[in-house]
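Values in this document were obtained by computation on a predicted structure and should not be read as measured data.
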Amino acid sequence: MYEPVKVAASRISARAAITVLGAAAVLVAGVLFYLRPPASLEEPPEAVIFFQIGTGSAGDDYFAVGERLAAAISRPPGTPRCERGMPCGVAGLVAVARSSAGPVANVRAVSAGLFDSALVAAPVLELAAQAETPFKGEKPIRNLRAIAGVYREALYLVASRNANIGSVADLRDMRVSVGPAGSGTREAALPVLAVHSLGRRTVQLSEYDTATAIDLTLRGQLDAFFLVDALPSAEIASLADRGSINIVPIDGEEVQQLTHPGESFQPLEIPDDLYRFVPATRTLGVSMVWVVNEQADPDIVYKITEALFFPGNRVLLSGPALPGLLPGDEKEREKFAISSIPVPLHEGAERYYRQQGLIADGAP
């Protein structure tokens, strides 16, 4: 009479065992799917890595550049294997452009570990390392490292045609806007004024945003304003078409001290006829530098740098909307990336540039 009970019990045990084994098989299959074999033997199994890029206000050049960079370096799990000539990011990486209050806020955020990376105007990085305004009263910020200089903008000195301003020296006693506090424009304009011995005691300085500065200039209530913007710039083109402005040269012996190797600026020329009624004009180029914290994973930074210059990703980075994004041919882009950077390269990025022969062995 006990045999049926034994049979029933054995059937229940068998079913339980099958259920447990089935659940284990599903779990193993899930793990194997998530950690599936890589597309090639050179790549590790994929796991998600989120990577933030601090930019600027939505709609400005900083945000647009951040979006392009995020697209170029991203390659989420499940993305098809890389093909020759096609875009290819870092396996498992999901990069996101984050809006911010601008370069000064980006410096603080990356230093504190709030952003994985960010875009910062080169002059702002120099001021942060020296704890000078707008970082005055803070400890020097020296834990930032560069991936690359990724975008070149021009520093414009725009003067009302009626103001008779032909050089930086002519700004004495004039009404001049240097841009809002915390902006890349302001931190680029002030050193230019300083090397000409100009400041608040000799110039009527204000800190208007671009739209306000343009409006006041057209109304005759402002004599000149500085602007860091693309080359070409839609705002400058609109003003030039009206014939109401002059682009004032920023050059001469005083300015040369700002363009020495390792400084934040490069000599730049605005081509003849790029803007209506504006002849060829010498000015300064300002690098937008992509920075990370010095503690960032060297292997991840190396792969990001490699993806930045991967030929197939050029289609994601180029275009008329952002002509200053890694300008020039392949070797020119890499040379631009490591010039005019006022902070050290991150060790992961440095490894890439050394492999490309852009940094000599033994060079600091």
Side-chain angles (χ1 to χ4, degrees), residues 38-40 42-56 62-79 81-82 86-98 100 106-107 109-111 113-120 122 125 143-152 287-318 322 325-327 330-331 333-339 341 343-359:
S40 71
E42 298 178 355
E43 299 175 356
E46 292 182 314
V48 180
I49 302 170
F50 292 101
F51 191 82
Q52 300 171 324
I53 305 174
T55 60
Y62 275 75
F63 192 82
V65 170
E67 286 187 315
R68 295 284 186 95
L69 295 175
I73 68 172
S74 292
R75 189 180 165 209
T79 303
R81 65 179 299 167
C82 297
M86 299 296 290
C88 184
V90 179
L93 189 75
V94 178
V96 180
R98 293 283 304 274
S100 78
N106 287 346
V107 165
V110 175
S111 177
L114 302 178
F115 283 160
D116 299 305
S117 70
L119 302 173
V120 182
L125 289 173
N143 64 340
L144 301 185
R145 298 293 182 266
I147 295 176
V150 293
Y151 191 66
R152 182 175 61 199
S287 290
M288 183 188 295
V289 185
W290 193 6
V291 297
V292 292
N293 191 287
E294 64 181 354
Q295 299 298 324
D297 187 326
D299 291 334
I300 295 297
V301 175
Y302 172 85
K303 292 175 182 178
I304 287 172
T305 311
E306 185 178 39
L308 183 63
F309 296 102
F310 182 71
N313 287 338
R314 187 60 188 165
V315 66
L316 300 176
L317 297 170
S318 62
L322 292 170
L325 183 53
L326 292 173
E330 182 176 354
K331 286 302 177 185
R333 291 195 292 271
E334 292 174 339
K335 289 178 181 177
F336 168 79
I338 58 175
S339 65
I341 296 177
V343 297
L345 287 167
H346 187 276
E347 60 177 299
E350 183 180 341
R351 189 201 319 167
Y352 171 82
Y353 295 121
R354 286 189 185 278
Q355 289 179 356
Q356 301 305 309
L358 296 168
I359 301 176

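- Of the possible donor and acceptor atoms, one in the side chain of Asn106 sits under 3.5 Å from a partner among the backbone N and O of Leu119.
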| Could you go step by step and tell me if Leu345 and Ile359 meet the side-chain contact (heavy atoms from CB on, under 4.5 Å) rule? | CA-CA 11 Å; Leu345 287 167; Ile359 301 176; 3.6 Å; yes
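- In this structure, the separation between OG1 on Thr305 and CD on Gln356 is 10.5 Å, given to the nearest 0.5 Å.
- Closest non-hydrogen pair, Phe310 versus Pro87, comes out as CE2-C, 4.4 Å.
- In this structure the side chain of Phe51 reaches within 4.5 angstrom of the side chain of Ile304, judged on heavy atoms.
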| task | Decide yes or no on side-chain contact (heavy atoms from CB on, under 4.5 Å) for Arg75 and Leu93, but give the supporting numbers first. | result | CA-CA 5 Å; Arg75 189 180 165 209; Leu93 189 75; 5.8 Å; no
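- Note that the CZ atom of Arg314 and the CG atom of Leu308 stand 9.5 Å from one another [nearest 0.5 Å].
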Donor-acceptor contacts under 3.5 Å from residues 64-74 side chains, at least two apart:
{"residue": "Arg68", "atom": "NH1", "partner": "Leu317", "partner atom": "O", "Å": "3.4"}
{"residue": "Arg68", "atom": "NH1", "partner": "Ser318", "partner atom": "O", "Å": "3.1"}
{"residue": "Ser74", "atom": "OG", "partner": "Ala70", "partner atom": "O", "Å": "2.7"}
{"residue": "Ser74", "atom": "OG", "partner": "Ala95", "partner atom": "N", "Å": "2.9"}

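- In this structure, Ala148 and Tyr353 approach most closely via the heavy-atom pair CB-OH, 3.2 Å.
- Rounding to the nearest 0.5 Å places CG of Leu144 at 6.5 Å from CG of Leu125.
- The two residues Pro77 and Ala47 come nearest to each other via the heavy atoms CG-C, 4.4 Å.
- The ring-ring contact (aromatic ring centres under 6.0 Å, His included) check on Tyr352 picks up Phe309, with sequence neighbours excluded.
- His346 places a side-chain N or O within donor-acceptor distance of the main-chain N or O of Ala296, the cut-off being under 3.5 Å.
- Asn293 places a side-chain N or O within 3.5 Å of a backbone atom of Val110 that can act as its donor or acceptor partner.
- When all heavy atoms of Cys88 and Ala307 are compared, the closest pair comes out as O-CB, 4.1 Å.
- For Glu347, there are no salt bridge (charged side-chain N to carboxylate O under 4.0 Å, His left out) partners at least two apart in sequence or on another chain.
- In this structure a side-chain-to-backbone donor-acceptor pair under 3.5 Å is missing from Ser117 to Val292.
- Formation of a donor-acceptor pair under 3.5 Å by the Asp299 side chain with backbone atoms of Gly348 is not found in this model.
- Nearest heavy-atom pair across Phe63 and Arg98 is CE1-C, 4.3 Å.
- Shown here for Ser339 and Ser287, the closest heavy-atom pair between the two residues is O-OG, 4.2 Å.
- If you take CG on Leu358 and CD1 on Ile338, they are separated by 5.0 Å, rounding to the nearest 0.5 Å.
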| said: side-chain contact (heavy atoms from CB on, under 4.5 Å) for Ser100 and Phe115? Distances and angles first, verdict last. | reply: CA-CA 10 Å; Ser100 78; Phe115 283 160; 4.1 Å; yes
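- Trp290 CH2 to Tyr151 OH: the interatomic distance, rounded to the nearest 0.5 Å, is 16.0 Å.
- To the nearest 0.5 Å, atoms CG (Leu326) and CZ (Arg152) are separated by 10.5 Å.
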